[in-house]
Amino acid sequence: MEVEHVMGAEAVLDRLEELLLRDEARHNLALGILSTARAQPSVYPELHGWVARAGSRVVAAAVRTPPHNLVLAQPVDERGLHALAGAIETELPGVVGGVPEVDTFAASFAERHPLEIRAAFDQRIYALHRLIPPDT
């Protein structure tokens, strides 16, 4: 599995967009960061993206705007998370993502770096699929 590290909103979005749009609600943070960085580059002067590929297929990805946490996308192949954990050499203040990918990545990253894994807080994301108006 190959991991590419890219910088800049256009380059990151070009490589991650298809994976992120597979589940827009789940990836709303990464999509929001990339949209803001593209429209107003001064907001995130440093934007990193990592893309894990199996052949030409993107199977896992992450975005980071230092000094903020790493944001993980839901992988297509869990092995991509291990590849990302091995390729990201910078110190991370934290990781944001869905379960189980954030747990898998954190465990794999911790095997390579001397750190303790702990959950700071749990969040949820909701997606509206159908609106049912109330009876009046």
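Just so you know, these numbers use all the heavy atoms, side chains as well, and skip hydrogens, waters and symmetry mates. In this text the structure is predicted, and so the values were computed from the model without any measurement.
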(request) Might you confirm whether atom CZ of Arg112 has over 12 heavy atoms from other residues, nucleotides or ligands at distances under 6.0 Å? (result) yes

(message) Grouping I, L, V, M, F, W and Y whenever their side-chain heavy atoms are under 4.5 Å apart, do Leu20 and Val99 come out in a common cluster?
(response) no

(request) Starting from the C-alpha separation in whole Å, work towards a yes-or-no answer on side-chain contact (heavy atoms from CB on, under 4.5 Å) for Gln74 and Asp23. (result) CA-CA 8 Å; Gln74 182 180 36; Asp23 189 338; 4.2 Å; yes

(message) Main chain of Glu18, side chain of Arg22: is a donor-acceptor contact present, judged purely on distance under 3.5 Å?
(response) no

(request) For the pair Val71 and Ile33, evaluate side-chain contact (heavy atoms from CB on, under 4.5 Å) and give the outcome as yes or no after the intermediate values. (result) CA-CA 10 Å; Val71 179; Ile33 289 167; 4.2 Å; yes

(message) Same cluster or not: Val102 versus Val96, using hydrophobic residues (I, L, V, M, F, W, Y) connected whenever any side-chain heavy atoms lie under 4.5 Å apart?
(response) no

Just list the side-chain donor-acceptor pairs under 3.5 Å for residues 75-85, sequence neighbours left out, or say none.
residue: Asp77; atom: OD1; partner: Arg79; partner atom: N; Å: 2.9
residue: Asp77; atom: OD1; partner: Arg79; partner atom: NE; Å: 3.1
residue: Asp77; atom: OD2; partner: Arg79; partner atom: NE; Å: 3.1
residue: Asp77; atom: OD2; partner: Arg79; partner atom: NH2; Å: 2.5
residue: His82; atom: ND1; partner: Ser108; partner atom: OG; Å: 3.1

(request) Could you tell me which non-hydrogen atom of Glu4 sits nearest to which non-hydrogen atom of Val6, and how far apart they are? (result) OE2-CG1, 3.3 Å

(message) Between Glu101 and Arg26, does any side-chain N to carboxylate O distance fall below 4.0 Å?
(response) yes

(request) Please report the closest heavy-atom contact between Arg38 and Glu10, naming both atoms and the distance. (result) NE-OE2, 3.0 Å

(request) For side-chain contact (heavy atoms from CB on, under 4.5 Å), just list the numbers for His27 and Leu21, CA-CA rounded to whole Å, side-chain angles, deciding distance to a tenth of an Å, and then say yes or no. (result) CA-CA 7 Å; His27 299 126; Leu21 291 178; over 6 Å; no

(request) List the atom of Ala110, the atom of Leu115, and the distance in Å for their closest heavy-atom pair. (result) CB-CD1, 3.6 Å

(message) For residues Val12 and Trp50: do they belong to one hydrophobic cluster (side chain heavy atoms under 4.5 Å, members Ile, Leu, Val, Met, Phe, Trp, Tyr)?
(response) no

(message) Would you say Leu70 ends up clustered with Leu29 if hydrophobic residues are merged whenever their side chains have heavy atoms under 4.5 Å apart, either directly or through other cluster members?
(response) no

(message) Could you walk me through whether Glu24 and Leu31 satisfy the side-chain contact (heavy atoms from CB on, under 4.5 Å) test, starting with their C-alpha distance in whole Å, then the side-chain angles of each, then the deciding distance to 0.1 Å, before giving a yes or no?
(response) CA-CA 8 Å; Glu24 191 173 346; Leu31 288 165; 3.7 Å; yes

(message) Quick check on side-chain contact (heavy atoms from CB on, under 4.5 Å): which of Val95, Thr104, Ile88 does Phe109 satisfy it with?
(response) Ile88

(message) Is there a continuous path of hydrophobic side-chain contacts, each under 4.5 Å between heavy atoms, that joins Met1 to Leu16?
(response) yes

(request) Work out which heavy atom in Ala106 is nearest to a heavy atom in Ile117; give both atom names and the distance. (result) O-CD1, 3.4 Å

Using atom types as modelled, flag every donor-acceptor pair under 3.5 Å from a side chain in residues 39-48 to any protein atom, sequence neighbours excluded.
residue: Glu46; atom: OE2; partner: His48; partner atom: NE2; Å: 2.6
residue: His48; atom: ND1; partner: His5; partner atom: NE2; Å: 2.7

(request) To the nearest 0.5 angstrom, please state how far the CG atom of Leu19 sits from the CZ atom of Arg53. (result) 11.0 Å

